[in-house]
Amino acid sequence: MGKRVAVVLAGCGVYDGSEIHEASAVLVHLSREGAQAEVFAPNISQMHVVDHMKGQPTPEQRNVLVESARIARGNIKDLAQLDVKGLDALIIPGGFGVAKNLSTWATQGKNCSICREVEDVLRAFHAAQKPIGLCCISPVLAAKLFPGCEVTVGHDTECEKWPYAKTAESMRELGCKHVNSHVTEIHVDPRNRLVTTSAFMCNAPLHEIHDGVGNMVKEVVRLA
């Protein structure tokens, strides 16, 4: 039997939900590893809706679970139904929805709060010592919840290639250790069983981001 891996989404679209390429890469690589993905999302309203052509918010209102169902092809469950006992690992792709819907990192940074269902699930997997894979901005969730953990969001010096590098400093202020890495690399925190990779925190070719997510998925499945 293949490993059963929970994948938690935050909506559909980089600016207000899950980053679609990252979410797809996670599902593709889980399939390649012979693992069974079980997709979840919280049944909550999005912080806001962004017109992805204009990059500007719109007056619309959307639901995180309903929007995430687009990526899951409808095969998705309410995060409140997740039972950690029947699952071997957890993966959360990135996208601004992590910082807007799954948490308030986008507006409050290191002083953010995390959606109750998301926090409960992360703490449950952590307590059960089951591996957790996080990419792009989603490692901030671990930084907030697990002081002293080790993660990567890529590099800590802002430049054209690493436009979001200041995130690393905010995570350090929470007491976690940030480890610089290339976009195709992962960092493993064996004590907390965290596997992280930078993905779209880096301005890199899509295939390199895909490869980094694949390396993260492969290690999560191996640890499971």
Side-chain angles (χ1 to χ4, degrees), residues 7-30 32 46-57 67-68 70-71 91-110 112 133-144 150-174 176-189 194-220:
V7 179
V8 175
L9 300 181
C12 182
V14 57
Y15 297 128
D16 58 10
S18 288
E19 209 297 319
I20 297 171
H21 296 287
E22 291 177 21
S24 178
V26 166
L27 297 175
V28 167
H29 285 291
L30 283 173
R32 179 165 284 141
Q46 292 185 187
M47 183 187 109
H48 63 184
V49 178
V50 175
D51 181 327
H52 278 58
M53 287 190 68
K54 298 178 180 177
Q56 297 294 325
E67 291 303 295
S68 298
R70 295 175 180 271
I71 298 174
I91 295 178
I92 305 181
F96 280 100
V98 172
K100 293 178 177 179
N101 305 328
L102 304 191
S103 73
T104 59
W105 184 276
T107 55
Q108 295 179 297
K110 67 181 189 296
C112 72
L134 304 164
C135 64
C136 195
I137 191 64
S138 63
V140 302
L141 301 175
K144 181 68 177 181
E150 298 178 6
V151 295
T152 187
V153 289
H155 279 225
D156 57 6
T157 302
E158 193 169 298
C159 61
E160 184 177 354
K161 186 173 182 179
W162 297 99
Y164 309 110
K166 289 182 180 178
T167 302
E169 182 57 34
S170 295
M171 295 165 77
R172 286 196 185 106
E173 291 174 2
L174 286 168
C176 80
K177 178 181 178 181
H178 180 267
V179 180
N180 283 350
S181 65
H182 183 62
V183 67
T184 60
E185 296 176 332
I186 62 174
H187 181 72
V188 180
D189 177 348
L194 298 174
V195 186
T196 52
T197 191
S198 61
F200 277 100
M201 297 295 277
C202 181
N203 281 329
L206 183 57
H207 71 276
E208 292 187 4
I209 291 164
H210 196 274
D211 290 347
V213 173
N215 290 332
M216 180 265 289
V217 169
K218 183 179 291 187
E219 182 64 13
V220 167

If you define the side chain from C-beta out and look only at heavy atoms, does anything of Arg70 sit under 4.5 Å from Ile20? no
Any side-chain heavy atom of Cys112 sitting closer than 4.5 Å to one from Lys144? yes
I want to check something: taking the side chain as every heavy atom from C-beta on, are Asp156 and Asn180 in contact at a cut-off of under 4.5 Å? yes
Side chains of Asp16 and Met47, heavy atoms from C-beta outward: is any pair under 4.5 Å? no
Could you check if a side-chain atom of Met201 sits within less than 4.5 angstrom of a side-chain atom of Ile137, using non-hydrogen atoms only? yes
Applied to residues 20-30, the salt bridge (charged side-chain N to carboxylate O under 4.0 Å, His left out) test, sequence neighbours excluded, yields none
Examine His210 together with His29 and report whether their ring centres are nearer than 6.0 Å. yes
If only atom types and distance count, is the side chain of Ser198 paired as donor or acceptor with the main-chain N or O of Val153 below 3.5 Å? no
Main chain of Glu185, side chain of Thr197: is a donor-acceptor contact present, judged purely on distance under 3.5 Å? yes
Are the side chains of Ile209 and Glu19 in touch, meaning some heavy atoms are under 4.5 Å apart? no
Any Met171 side-chain heavy atom under 4.5 Å of Val140 side chain: yes
Is there side-chain contact between Cys176 and Val151, with heavy atoms separated by less than 4.5 Å? yes
Please answer whether the main-chain N or O of Ala10 pairs with a side-chain N or O of Ser18 as donor and acceptor at a distance below 3.5 Å. yes
